[in-house]
Amino acid sequence: MSARVMIRLLVGVIGVFYVVLAISGFAAISDDTNVGGGLRGGNDPDLLWGLFGVSTVLNFIHFLFGALTLIAAFTADRTKLISGTMAGAFVALLAYDIIMMLVREGMDPLAINTADAWLHGITAVALIIVAFLPLPSPAGRRERVARDRQSASSPESRPR
């Protein structure tokens, strides 16, 4: 499997994870959810999968980021560019996570907790690696193959 396919697969898995996380978060919010329901969260959020904070706003963000990351996985010529853009979005979300955990007094509209911050940080690092990972260009490979074929068929290369 080529490096390009592996990168697209990794980006696709990240996108699917965030879409599933968002849909599960939406399903977890009910009228009984007192701190994560509606458009607000709290210092003691209801937890999705026993780990992640639940809020409608955060679910929308996860769904949007997951969908855009999935789009990155399916656009072969722009995977690295869109992955870099999404890495920036996750870095911004991580910065929000850290600031809210340090200075929060009262309600946090995203219901951020430490697990969310780690998730966003790990995702940002993975997408930064994908965005800046050097890959051989397919055009360069085609040129090398054509040059090798040409040199193999030239009369100078044939034994006498």
Handout entry: Heavy-atom closest pair, residues Ile14 and Ala126
Key = CD1-CB, 4.1 Å

Exercise for the section: Give, for atom CD1 of Ile98 and atom CG of Leu94, the distance between the pair rounded to the nearest 0.5 Å. Expected result: 4.0 Å

Problem - Linked, directly or transitively: Val20 and Leu10 (ILVMFWY side chains, under 4.5 Å) - result: yes

Exercise for the section: For residues Phe26 and Phe60, establish whether the separation of their ring centroids is below 6.0 Å. Expected result: yes

Fill in the blank from the handout: Rounded to the nearest 0.5 angstrom, the CE-OG1 distance for Met86 and Thr123 is 10.0 Å

Exercise for the section: Calculate, to the nearest 0.5 Å, the distance between atoms OG and CD1 belonging to Ser83 and Ile71 respectively. Expected result: 12.0 Å

Completion exercise
For Ala67 and Val19 the tightest heavy-atom approach is N-CG2, 3.8 Å

Problem - Hydrophobic cluster membership, Tyr96 vs Leu68, 4.5 Å side-chain cutoff - result: yes

Practice task
Please answer: with hydrophobic residues joined when any side-chain heavy atoms are less than 4.5 Å apart, are Leu81 and Phe132 in the same cluster?
Solution key: no

Fill in the blank from the handout: CG of Leu127 to CZ of Phe65, rounded to nearest 0.5 Å, is 10.5 Å

Exercise for the section: Please examine the side chains of Asp116 and Leu93, heavy atoms only from C-beta on, and report whether any two atoms are closer than 4.5 Å. Expected result: no

Fill in the blank from the handout: Looking only at heavy atoms, the pair that brings Ala117 and Met101 closest together is CB-CE, 3.5 Å

Practice task
Report whether Leu9 and Ile122 are members of the same hydrophobic cluster (ILVMFWY, side-chain heavy atoms less than 4.5 Å apart, transitive linking).
Solution key: no

Exercise for the section: May I ask whether Phe17 and Ile23 are part of the same hydrophobic cluster, defined by side-chain heavy atoms of I, L, V, M, F, W, Y residues being less than 4.5 angstrom apart, directly or through others? Expected result: yes

Completion exercise
Value for CD1 (Ile82) from OG1 (Thr75), rounded to nearest 0.5 Å, stands at 3.5 Å

Problem - Where Val11 and Ala73 come nearest, the two heavy atoms and their spacing - result: CG1-N, 3.8 Å

Problem - Between CD1 on residue Ile61 and OG on residue Ser55, distance to nearest 0.5 Å - result: 7.5 Å

Handout entry: Minimum-distance pair of heavy atoms, taken over all atoms of Ala124 and Val91
Key = CB-CG2, 3.8 Å

Practice task
Search all heavy atoms of Leu70 against all heavy atoms of Gly12 and return the closest pair with its distance.
Solution key: CD2-O, 3.6 Å

Exercise for the section: Check whether the ring centres of Phe63 and Tyr18 lie less than 6.0 Å apart, and answer yes or no. Expected result: no

Problem - 4.5 Å side-chain heavy-atom contact, Leu119 and Leu21 - result: yes

